[in-house]
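Throughout, a chain's letter reflects where its sequence line sits, starting with A, and its residues are numbered from 1.
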Protein chains: 2
Amino acid sequence: MPLSASFPDLTALDLYASVVELGSLGRAAKMHGIAQPSASSRIRNLERQLGVTLLTRSATGSIPTPEGIVVSGWTDAILRAAHDLEAGLEALKAEQSGRLRIAASYTIAEYLLPGWLGRFSREHPRDTVALDVENSTHVLAELERGEADIGFIETPLETPSMSEVIVAHDQLVAVVPPDHEWALREAVDMTELAQTPLVMREQGSGTREALEQALHDAGHGLPVSVLELGSTSAVRSAVLSGNSPTVISRLAVASELRDGLLVEVPITDLKIERDLRAVWPTGKPLPKLAQALLADLT
Amino acid sequence: MPLSASFPDLTALDLYASVVELGSLGRAAKMHGIAQPSASSRIRNLERQLGVTLLTRSATGSIPTPEGIVVSGWTDAILRAAHDLEAGLEALKAEQSGRLRIAASYTIAEYLLPGWLGRFSREHPRDTVALDVENSTHVLAELERGEADIGFIETPLETPSMSEVIVAHDQLVAVVPPDHEWALREAVDMTELAQTPLVMREQGSGTREALEQALHDAGHGLPVSVLELGSTSAVRSAVLSGNSPTVISRLAVASELRDGLLVEVPITDLKIERDLRAVWPTGKPLPKLAQALLADLT
DNA sequence: AGAGTGGCATAGGCATAGATCATAGCTATG
DNA sequence: CATAGCTATGATCTATGCCTATGCCACTCT
């Protein structure tokens, strides 16, 4: 469903965050490179759009009202996500001539890399990072061709020509909306899972292959799909607003599980763990910047 | 630091999400109530601002490019945070005559309630929710005066006049930026914590009182503050960009801990657990809507 | 094969949001 | 009591973005 038509501008939220931080409209205006009356009017607009008085203004400055403090917490979450987008984009746009070239799989690029890169570029403001998002086999190919300095993948590899180190963990879990019948079950066994139509990624995605492999290893047939979608976020939205289970990366639904918007269903004897690894060619020495990034993560 | 000046409009991101979901600019335009050419131009602007080609357009529709898929994951995170803000605001703005009146403490209101309310209002679209954010004692007072139907607090209560049920857990943890000396420590003992200047909430906040209580119980003096700030998000930002530890709700720094932007430091023998509880007056019967909300959470 | 349908891009006219500058009122400080 | 720092208001201007109308393209059904 679309966002409310009169949703405030992100720049207004950002300005508000600065006001809260600095304690004054004028100082916040200066930090954002606009005139003080503009800041005043933008914040007033923001208050009108949100329908809440955010600041108590006085001749000595402006401090948030009690409601303003709560709202500030919510807007901070939006702004952090926006900064993640910026960090990710900057890396995505960087020319191939950039100093540190990263190749990463989708899950890692979507849910972990922006945070890592934000911190990395704060610590190394003069260096640029280039990011290629590919599936695991392409990541390895890029590393072998010397087109990337370091890679991040979610599948174990057997080649001695690549070194690796585990930087995070992930797990595939079965989830349903809280009003689904499975939400109350103690557990569901694998036979039932294999026979229940699921929302799934398209054929050939890493997530789907891992699930098919696990079912096959346990002597079951291929899972049935009720809907096939091209991205993890699409799958998540479909499950949130539909009534079918899916098997999905825990990282992708962490906040929904925390908030109770989705419920995890234990599947008997099904455990698809994935260690998320940094990989690089064993032969070549790891570039300094790649070492620095790695040091941040371990 | 302020967001990039040319950061795209949230409505543009929202439109893009719809395009990805629906597979066509025109359909997305209709869903957002604008004309197709407007959608076309907005997406084109979005691509220019981000510096990335998001869609491959064709006479049969538009599907995201590989980069578009990654970006879509990042924008989804922003939009989810925006929906949380909307859900929270709607409750905050609702008149006191609203059907379900909730009183909650800051931590719960900031980090958990928006998600709960989003789901609740999807399931009960005709009902309105009013939210009052206060500290724990005020929450109880509102319940006693009958001004709220149900409350959420993070401190245990001893009065038999209130019923309670635990709906989530929280924990105060010590965190530092990853380049802080403590980040590499196995553990830090309480004496050292009590003597180290911390970033803290202002005197009288629940978080600070819990920490002071725990130190006092262990025979230590009051903690020293290097900086006192009025909101949890302000404390988090200060620690992220500074070089001092803080003791803070794990909920507030969950994503930073996951991304490695902050590091948790175990404090020997310090364990401040907080069960987050729903509370309501024992006498009166719990209103239907409050029961429904509670059922969602347990 | 031809008409119809659905999809995207371009061009021109118009309305509105938002920026600036100048000004004025308020409070604390010396 | 004057000054410095804060915010609000009003007048004016610019530019961004929307809408309608139109054209082109690909697929599909008769």
Self-check item: Start and end of the DNA chain C segment that chain A contacts, any atom under 4.0 Å from a heavy atom
Solution: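 Extent of the interface on DNA chain C: C:dG18 to C:dA28.
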Exercise. Please collect all ring pair (Phe, Tyr, Trp, His ring centres under 6.0 Å) contacts where either partner lies in residues 3-54 of chain B, sequence neighbours excluded, each pair once.
Key: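 Listed once each, the pairs would be none.
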Check [Y] with [X], please: is the shortest side-chain N to carboxylate O separation under 4.0 Å?
X	Y	value
A:Glu47	A:Arg57	yes
B:Arg208	B:Glu228	yes
B:Arg80	B:Glu86	no

Practice problem: Would you kindly say whether B:Thr107 and B:Ser105 are connected by a side-chain donor-acceptor distance under 3.5 Å? | Solution: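 No.
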Exercise. Would you please say whether a donor-acceptor pair under 3.5 Å links the side chains of A:Arg48 and A:Asn45?
Key: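 Side-chain D/A pair, A:Arg48 to A:Asn45: present.
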Might you list the N or O atoms of the protein lying below 3.5 Å from N or O atoms in nucleotides 13-20 of chain D, with each pair's distance?
unit_1 : atom_1 : unit_2  : atom_2 : d
D:dG17 : OP2    : B:Asn45 : ND2    : 3.4
D:dC18 : OP1    : B:Arg42 : NE     : 3.4
D:dC18 : OP1    : B:Arg42 : NH1    : 2.6
D:dC19 : OP2    : B:Ala35 : N      : 2.8
D:dC19 : OP2    : B:Ser38 : OG     : 2.5

Quiz item: Mind checking what makes ring-ring contact (aromatic ring centres under 6.0 Å, His included) contact with B:His124, not counting sequence neighbours?
Solution: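 B:His124: ring-ring contact (aromatic ring centres under 6.0 Å, His included) contacts with B:Phe120.
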Quiz item: What are the two closest non-hydrogen atoms of B:Thr196 and B:Pro245, and how far apart are they?
Solution: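 Smallest heavy-atom distance, with atoms named: CG2-CG, 4.2 Å.
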Quiz item: Which heavy atom in B:Val139 sits nearest to a heavy atom in B:Ala103, and how many Å separate them?
Solution: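 Shortest heavy-atom separation between B:Val139 and B:Ala103 comes out as CG1-O, 3.8 Å.
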Identify every side-chain donor-acceptor pair in residues 66-77 of chain B under 3.5 Å, counting partners at least two apart or on other chains, and give the distances.
unit_1  : atom_1 : unit_2   : atom_2 : d
B:Glu67 : OE1    : B:Thr65  : OG1    : 3.4
B:Trp74 : NE1    : A:Ala109 : O      : 3.0
B:Trp74 : NE1    : A:Glu110 : O      : 3.3
B:Thr75 : OG1    : B:Val71  : O      : 3.3
B:Thr75 : OG1    : B:Ser72  : O      : 2.9
B:Asp76 : OD2    : A:Ser233 : OG     : 3.4

Quiz item: So which of residues 59-71 of chain B are in contact with DNA chain D, with a heavy-atom cut-off of under 4.0 Å?
Solution: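 Residues of residues 59-71 of chain B under 4.0 Å from DNA chain D: B:Ala59, B:Thr60.
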